[in-house]
Amino acid sequence: MNKKLLSASIAAILAATLSACGGDDGRNGSDGQDGAVGPQGPAGVDGSNGANGADGQDGADGQDGADGVSTVTPKGLKRFATAPLGAEFTGIFVNEDGKLFSNIQHPSSSNTTTDSAGKVFNVGTVGYFNADVNNIGDIAALDFPITAAQKETVQSAAGSYIVLAQQGDNLADGNKMGDILSANGSLIKSSNDPDFNGAVSDGGTGYYLYTNWEDRPGSMSRIRLTDTYSPTQEGMLDFSSVDGTWVNCFGTVSPWGTPLSAEELYFDNTADWFNANANYFSNAEAIAEYKGYPLDRSGNWGNPYDYGYIVEIGTNNTAATANVADVEVNKLELMGRFSHENPVVMPDRRTVFLSDDGTGTVLFKFVANAANDMSAGKLYAAKVTQSNGITDPAEAAFAVEWIEIGAGNEADIENAIASFDGTFADAKHISDAQIQAFAEFKSGQDLDNSGSVAANPFADERVAFLESRKLAAAMGATAEFRKMEGININFGLADTWWNNGAADGAQAYMYLAMSSFDATMADGAGDIQLDGTHGKCGVVYRMKLVEKDGLVDINTLTPALVGGPYYGDRAANRCNTNNISNPDNLVILDDGRVLIGEDTGNHENNVIWLFEDPAL
């Protein structure tokens, strides 16, 4: 056969194989034949020809072909590592020496296989990959695990996984790794859920590794590492000075060297904190247990406005202190109260972008009044506009505008929070009517068509910081995001861009993981109207950093990587194994490539992916 014809044939076959999910419609049926000419009229009278018969009706369209099966990994995407059965990868963090920290959260207790170092992954595990991920070059992709031994251990395409600590290990302070302690230091429970990692210098050649334990109440451990990563398992932090923490999730390290831990608040409706029949009420009971309050609800009860913030670890430079018991902590209430997943501080050292986990959530931005000082500033919520007429999640981009929802300082807001201390019977909280009134006051608009603009029900702007998501929605922000997870930059790349001049420097990018884009992102209503057919597999958005009014900003969300296809009839691996599923943690390497960690039940083994964005 002619080589050109052969190539064309192969191309046609590949095009058919790689076509999108639906098959082509069947061809239209052929038109009917023209009718016969009518007979001639009687003699002496010119008969006219009979009219042509009507065309036959088109045949019915053929049925759509069956969905094709995609076997192609998206361009630029490689499998870097796989987690043991039952586990997700959490706490992805690249240290200054290129070591990649990552935890094994809640692995299956049935795992029995030992790795090459004799470790079994059947409890929560803190560890790292002993490779410089900033200099790994063009690695070969890791195959998906098949055998039991591969499925029950950590597999990696670059460097082996080194265990630093596991749940239940003895600590130097007398506690055990993963202990959840009450305010008086007594043991409440042991957690299997390590999350965020943040490493800071110990002032010499080693590091302190801070690790969240994502529980109710929350906790955090600290390990001291030498320059060779020899660990000393020091202890668990004391959070009693801030009334404890809640579901310590992902986080980042600030440019000034303090870990920023995100509290993931599940109370969309604060009134449920005092409703014994509400979902998650057991979590409010957990806080009462932490505080030592009576669980029969006969006395004092936890203040709901004490939780749902970014927690700064090691204020006043105590993150690098020699004694773990001396580490100071502070909640950054001005960054808002909602289901925080991650804060990321921009190189202007004033702007912080904040992701909000859950269903019907909001993208937030905080701008401090002064660099390196988060104690005063303004909170903003995003209003997005979708590409006109485009619902395909791989195409649909969003323009971003910002609505200022509040301004304040930390001292005033903390005083406001204290005013809600009380008993279960008191049930003190900001009402929906007060939220609506503040929305009108702040916007200067009659939002409920009552004929007048309401006054501020308070002497400060506490509503913005204590009921951030509800207020944002009331003021017209987009409250439709679904499972918004990690948001991050490579600070070095962004800092170089910023300090070389926004107009002339190399451009830097921020990425945002959306674990799912179904439900409120695909319900056909509101600002976001995506096709959610494969929404259970998630999407990663790219945001170009821009300069605006002397600060770092963004004005678009563009899809960089879309998961799927989704196969709902499968018992396992319902999201295609050659693509992302429920992306969660994100970090950006020095070469601009992105590491994406999964939190998914739609892959039998969760994956860390290495993604080289082909659009850049």
Side-chain angles (χ1 to χ4, degrees), residues 90-96 101 103 126 164-165 171-173 175 177-181 183 191 193-203 206-215 217-225 232-265 290 306-335 340-345 349 352 354 366 368 372-375 410 414 486 488 491 585 587:
T90 58
I92 297 177
F93 178 85
V94 179
N95 201 12
E96 62 183 15
F101 292 102
N103 302 326
V126 181
L164 291 171
L171 302 176
D173 67 355
N175 297 304
M177 186 63 71
D179 278 356
I180 306 295
L181 306 173
S191 179
D193 296 317
D195 204 303
F196 161 65
N197 289 303
V200 299
S201 170
D202 66 358
Y207 306 95
Y208 288 113
L209 178 66
Y210 289 88
T211 302
N212 277 345
W213 291 81
E214 187 182 12
D215 224 304
S219 191
M220 177 175 271
S221 60
R222 193 176 84 167
I223 298 172
R224 191 168 193 172
L225 300 171
T232 299
Q233 297 175 9
E234 294 190 317
M236 307 300 291
L237 267 65
D238 179 8
F239 285 131
S240 61
S241 65
V242 292
D243 294 299
T245 56
W246 176 290
V247 192
N248 299 73
C249 195
F250 196 35
T252 51
V253 173
S254 72
W256 45 92
T258 56
L260 302 176
S261 172
E263 291 186 302
E264 192 173 5
L265 183 72
Y290 172 85
D306 281 334
Y307 311 97
Y309 304 104
I310 299 302
V311 186
E312 186 170 23
I313 310 300
T315 59
N316 299 321
N317 299 315
T318 62
T321 186
N323 190 343
V324 67
D326 295 332
V327 176
E328 297 179 2
V329 297
N330 181 47
K331 293 195 177 183
L332 303 177
E333 294 91 353
L334 293 189
M335 293 186 188
H340 283 281
E341 182 69 24
N342 197 41
V344 56
V345 182
R349 296 175 178 249
V352 186
L354 303 141
F366 172 72
N372 304 331
D373 181 0
M374 303 292 108
S375 65
E410 187 172 274
E414 289 182 347
N488 225 333
F491 190 83
N585 290 191
V587 293

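Atoms considered below: every heavy atom in the structure, side chains included; atoms not considered: hydrogens, waters and symmetry mates.
- At least one donor-acceptor pair under 3.5 Å links the side chain of Thr90 to the backbone N or O of Pro194.
- Side-chain contact between Tyr207 and Asn95 is present, with heavy atoms from C-beta onward closer than 4.5 Å.
- In this model, a donor atom of one side chain and an acceptor atom of the other lie less than 3.5 Å apart for Trp256 and Thr258.
- Inter-residue side-chain proximity for Glu264 and Phe250 is flagged as unmet; no heavy-atom pair is nearer than 4.5 Å.
- Ring orientation note: the planes of Tyr307 and Trp246 are tilted relative to one another, at an angle of 30° to 60°.
- Atoms CE and CE, on Met335 and Met374 in that order, are 5.5 Å from each other to the nearest 0.5 Å.
- Separating the OG atom in Ser375 from the CD atom in Glu410 is a distance of 6.0 Å, to the nearest 0.5 Å.
- With hydrogens and angles disregarded, a donor-acceptor distance shorter than 3.5 Å links the side chain of Asn197 to the backbone of Gly91.
- The side-chain contact (heavy atoms from CB on, under 4.5 Å) search around Ala319 returns Val200, Tyr210, Pro259, not counting sequence neighbours.
- Here CG of Asp202 is found 12.0 Å from CG of Leu209. Values are rounded to the nearest 0.5 Å.
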Q: Could you check Glu328 against Thr318 for side chain to side chain donor-acceptor pair (under 3.5 Å), going step by step and ending with a plain yes or no?
A: CA-CA 6 Å; Glu328 297 179 2; Thr318 62; 4.8 Å; no
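- Two residues are said to be in side-chain contact when any heavy atoms from C-beta on lie closer than 4.5 Å; Trp213 and Val126 meet this criterion.
- Checked by atom type and distance alone, the side chain of Tyr290 pairs as donor or acceptor with a backbone atom of Ser240 at under 3.5 Å.
- Judged by distance alone, the side chain of Asp193 and the main-chain N or O of Asp215 form no donor-acceptor pair under 3.5 Å.
- Asn330 and Thr315 form no side-chain donor-acceptor contact under 3.5 Å, judged by distance and modelled atom types alone.
- For the atom pair Asn212 CG and Thr245 OG1, the distance stands at 7.5 Å (nearest 0.5 Å).
- With 3.5 Å as the limit, one finds no donor-acceptor pair spanning the side chains of Asp326 and Thr321.
- A distance-only check finds no donor-acceptor pair linking the side chain of Asp179 to the backbone of Leu181 [under 3.5 Å].
- Taking OG from Ser221 and CG from Leu237, the interatomic distance works out to 8.5 Å, rounded to the nearest 0.5 Å.
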Q. What do the steps show when you test Ser261 against Ile310 for side-chain contact (heavy atoms from CB on, under 4.5 Å), and what is the final call?
A. CA-CA 6 Å; Ser261 172; Ile310 299 302; over 6 Å; no
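- The side-chain heavy atoms of Phe491 and Pro255, taken from C-beta on, include a pair separated by under 4.5 Å.
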(Q) Run the side-chain contact (heavy atoms from CB on, under 4.5 Å) test on Asn342 and Asn585 for me, step by step, so that the C-alpha distance in whole Å, both residues' side-chain angles and the decisive distance to 0.1 Å come before the verdict. (A) CA-CA 9 Å; Asn342 197 41; Asn585 290 191; over 6 Å; no
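- Shown here are the side-chain contact (heavy atoms from CB on, under 4.5 Å) partners of Leu334, two or more places apart in sequence or in another chain: Phe366, Ile413, Phe465.
- Partner Glu263 forms a side-chain contact (heavy atoms from CB on, under 4.5 Å) with one of Lys331, Glu214, His340 and no other, that one being Lys331.
- With a 6.0 Å radius and a threshold of 12 heavy atoms from other residues, nucleotides or ligands, Asn317 has its CG atom at or below the threshold.
- Residues Leu260 and Ser254 come closest through the heavy atom pair CD1-CB, 4.0 Å.
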Q: Check the pair Ile313 / Phe239 against side-chain contact (heavy atoms from CB on, under 4.5 Å), numbers first and verdict last.
A: CA-CA 10 Å; Ile313 310 300; Phe239 285 131; 3.8 Å; yes
Q | Worked verdict on Ile223 versus Glu234 for side-chain contact (heavy atoms from CB on, under 4.5 Å) | A | CA-CA 5 Å; Ile223 298 172; Glu234 294 190 317; over 6 Å; no
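- Side chains of Asn103 and Asp195: a donor-acceptor N/O pair is absent below 3.5 angstrom, by distance only.
- Residue Arg222 holds its CZ atom at 12.5 Å from CE of Met236, rounded to the nearest 0.5 Å.
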